[in-house]
Amino acid sequence: METQSKILVIDDEEIVLDSCLQILAGGDFDLSTANNGTLGVSLIEEFHPDLVFVDLKMPGISGFEVLEKIQEIDPTIVTIVITGFATIGSAVEAMQRGAFDFLPKPFTPDELRLITRRGLEKRKLVKETQALRREKELLREHFAAIVSHELKSPLAAVQQYLYALSGELSSQLTEDQLRRFERIQTRIDDLMKLIHTWLRAITVDLESIKENFKPISISSIISKAVESVEPQAIRKDIPNHTTIQDDIYLVEGDEGTLVEAVVNLVGNAVKYSPTGSRVEISAINKDDQILIRIEDNGIGISKEDLPFIFVDFYTGTTDHNIERGSGVGLALTKRILEAHNGSVSVESELGKGSTFTLCIPAIKDNPIKMTEMSKEPVNNI
Ligand SMILES: Nc1ncnc2c1ncn2[C@@H]1O[C@H](COP(=O)(O)OP(=O)(O)OP(=O)(O)O)[C@@H](O)[C@H]1O
Ligand SMILES: [Mg+2]
């Protein structure tokens, strides 16, 4: 059964709200109104609208702020800004910030109906695309789970036999045959690595690490992660610059998995950047949290890819010459951070670069002076 489309109108002029209600009343919609931005934002969370009309000029929270909140709450909600003629420039700005269209005041009933229909069609398309993507992801997840379980044992056996055979035959094979043998082994090793990565993504139990949480130093996490990515960074001639606030707090956590999270981000920064560029890593105290930032000037991430990069097995669609990964690094990083009551976020622009930020709750009463720490030096690769 088709559910009714939900429409929310946010405008401080009661006359606009009333006329929208009257015009759209016959259209089999579930309608709601708010006469200010604060109420509008809370209705977005409670009412879950498909389409929101929002006046740009309102006392209190402005239409721009409402648009921003909508982007945070659910970027798939279609927004249309209502605007007076004199503010057409800001309507264009609103569209640049994600609004789908704008409706100049005063508007006729037909104009409102037409723009409503277009807005809802857009919403339908966005939801269908999202459902298709999710379906594709689920298929990939199931496929990866089955394939990796079924392939792992036979492949491990093949790998074992190959090692044994190459040892036994090494004195009888020609140079060329030995090289081909090596190539087979390398390919099988790569496959095994891929299967292990998939399996780790699917089976990793991050709940259990919580039992062994202890206070750990951020600079030790960063320095271990940097060290682990060093070979790739050197190969691409990418130096990193690390800045850690002097009295950085400790965090309560599991060092191994936090290092893994930072390795994934620094590894990506190096992998998705051109040779000779630069990666900046920083860590600061922010209120009750530690923020670790990893910034690159690499290929960046398209707007289309951005909402999905933390999904298991998702690899970006950007056409570049970089060897495809397995798409689990960020999904795993997100889960690791969640297990630490933290989060990971990203800002990125295609062609310009990306900044990933890890946010981890700090142990505030125990700041540690870098000079007092018996820490390994933080490398400058
Ligand atoms: N710093 C970055 N710059 C540009 N694109 C990035 C960056 N980090 C991640 N991405 C995009 O996000 C996608 C998902 O990243 P993720 O680390 O999960 O997987 P991956 O790097 O493809 O493979 P792996 O599992 O080996 O890490 C990547 O395929 C890439 O398109
Ligand atoms: Mg990666």
Side-chain angles (χ1 to χ4, degrees), residues 133-134 136-138 140-141 143-145 147-148 189-204 206 222 225-226 228-233 235-242 256-282 291-339 343-359 381:
R133 277 201 205 236
R134 187 64 207 135
K136 197 173 135 203
E137 290 313 321
L138 276 176
R140 288 175 63 167
E141 274 171 41
F143 178 75
V147 167
S148 48
D189 290 351
D190 288 348
L191 260 179
M192 281 303 276
K193 263 189 235 149
L194 182 66
I195 288 172
H196 279 133
T197 318
W198 281 359
L199 277 176
R200 172 142 177 77
I202 296 158
T203 57
V204 65
L206 289 168
I222 293 180
V226 164
S228 151
V229 182
E230 203 172 12
Q232 293 101 289
R235 230 175 292 135
K236 288 186 80 176
D237 189 22
I238 297 182
N240 87 61
H241 186 250
T242 306
T257 51
L258 283 177
V259 170
E260 188 176 353
V262 179
V263 164
N264 288 340
L265 298 183
V266 181
N268 280 348
V270 169
K271 179 167 154 191
Y272 299 108
S273 293
T275 302
S277 59
R278 186 179 159 94
V279 171
E280 299 277 346
I281 304 170
S282 67
L291 300 187
I292 305 178
R293 246 187 217 115
I294 292 112
E295 189 179 347
D296 67 62
N297 308 113
I299 61 170
I301 304 165
S302 70
K303 278 201 179 112
E304 291 73 32
D305 282 334
L306 214 49
F308 302 99
I309 56 169
F310 293 101
V311 172
D312 275 326
F313 307 114
Y314 188 85
T315 50
T317 52
T318 310
D319 192 19
H320 50 69
N321 299 324
I322 294 153
E323 197 186 320
R324 268 189 177 269
S326 26
V328 297
L330 289 181
L332 204 53
T333 301
K334 182 165 175 257
R335 264 183 268 152
I336 291 170
L337 267 292
E338 282 166 0
S343 63
V344 49
S345 58
V346 58
E347 282 167 53
S348 185
E349 203 175 325
L350 200 59
K352 296 231 166 111
S354 313
T355 302
F356 284 81
T357 306
L358 297 180
C359 195
I381 298 177

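What's counted below: heavy atoms across the whole structure, side chains too, no hydrogens, waters or symmetry copies. Remember, it's 1-based here, ligands and their atoms both numbered in the order they're listed.
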**Q.** Criterion side-chain contact (heavy atoms from CB on, under 4.5 Å) against Val262, the qualifying member of Thr333, Val229, Leu358
**A.** Leu358
Kindly compute the distance separating [atom1] ([X]) from [atom2] ([Y]), expressed to the nearest 0.5 Å.
{"X": "Lys334", "Y": "Leu330", "atom1": "NZ", "atom2": "CG", "answer": "10.5 Å"}
{"X": "Asn264", "Y": "Phe356", "atom1": "CG", "atom2": "CZ", "answer": "10.5 Å"}
{"X": "Ile301", "Y": "Tyr272", "atom1": "CD1", "atom2": "OH", "answer": "9.0 Å"}
{"X": "Ile309", "Y": "Asn268", "atom1": "CD1", "atom2": "CG", "answer": "8.5 Å"}
{"X": "Thr355", "Y": "Leu265", "atom1": "OG1", "atom2": "CG", "answer": "11.0 Å"}
{"X": "Asn240", "Y": "Asp296", "atom1": "CG", "atom2": "CG", "answer": "12.0 Å"}

**Q.** Contacts of type side chain to side chain donor-acceptor pair (under 3.5 Å), residue Asp237, not counting sequence neighbours
**A.** none
Q: With sequence neighbours excluded, tell me which residues meet side chain to side chain donor-acceptor pair (under 3.5 Å) with Glu295.
A: none
Q) Going by chain and residue number, what protein N/O/S atoms come nearer than 2.8 Å to the Mg ion (ligand 2)? A) Asn268 OD1
Q) Please walk me through it: do Ser228 and Val259 pass side-chain contact (heavy atoms from CB on, under 4.5 Å)? A) CA-CA 9 Å; Ser228 151; Val259 170; 5.8 Å; no
Q: Give a yes/no verdict on whether any heavy atom in Gly298 is under 4.0 Å from an atom of ligand 1.
A: no
Q. Does ligand 1 have any atom that is closer than 4.0 Å to a heavy atom of Val328?
A. yes
Q) Where the closest heavy atom to atom 28 (C) of ligand 1 is concerned, which of Tyr272, Phe313, Phe310 has it? A) Tyr272
Q: Have a look at Val266, Val279, Leu330 and point out the one with the heavy atom closest to atom 16 (P) of ligand 1.
A: Leu330
Hey, is [X] touching ligand 1 through its side chain, its backbone, both or neither, going by heavy atoms under 4.0 Å?
{"X": "Ser326", "result": "both"}
{"X": "Leu265", "result": "neither"}
{"X": "Ile301", "result": "side chain"}
{"X": "Phe356", "result": "side chain"}

Q) Which pairs with one or both residues in residues 348-359 pass salt bridge (charged side-chain N to carboxylate O under 4.0 Å, His left out), sequence neighbours excluded? A) Glu349-Lys352
Show the atoms of ligand 1 that are less than 4.0 angstrom away from any heavy atom in [X].
{"X": "Tyr314", "answer": "13 (C), 14 (C)"}
{"X": "Gly327", "answer": "18 (O), 19 (O), 20 (P), 22 (O), 23 (O), 24 (P), 25 (O)"}
{"X": "Ile309", "answer": "12 (O), 14 (C)"}
{"X": "Gly325", "answer": "22 (O), 23 (O), 26 (O)"}
{"X": "Thr315", "answer": "22 (O), 29 (O)"}
{"X": "Lys271", "answer": "20 (P), 21 (O), 23 (O), 26 (O)"}

Q: Check whether any N or O atom of Ile299, backbone or side chain, sits under 3.5 Å from an N or O atom of ligand 1, and answer yes or no.
A: no
Q: Flag yes if more than 12 heavy atoms outside Glu338 fall under 6.0 Å of its CD atom; otherwise flag no.
A: yes
Q: Would you mind reporting whether Lys303 and Leu350 have side-chain heavy atoms less than 4.5 Å apart?
A: no
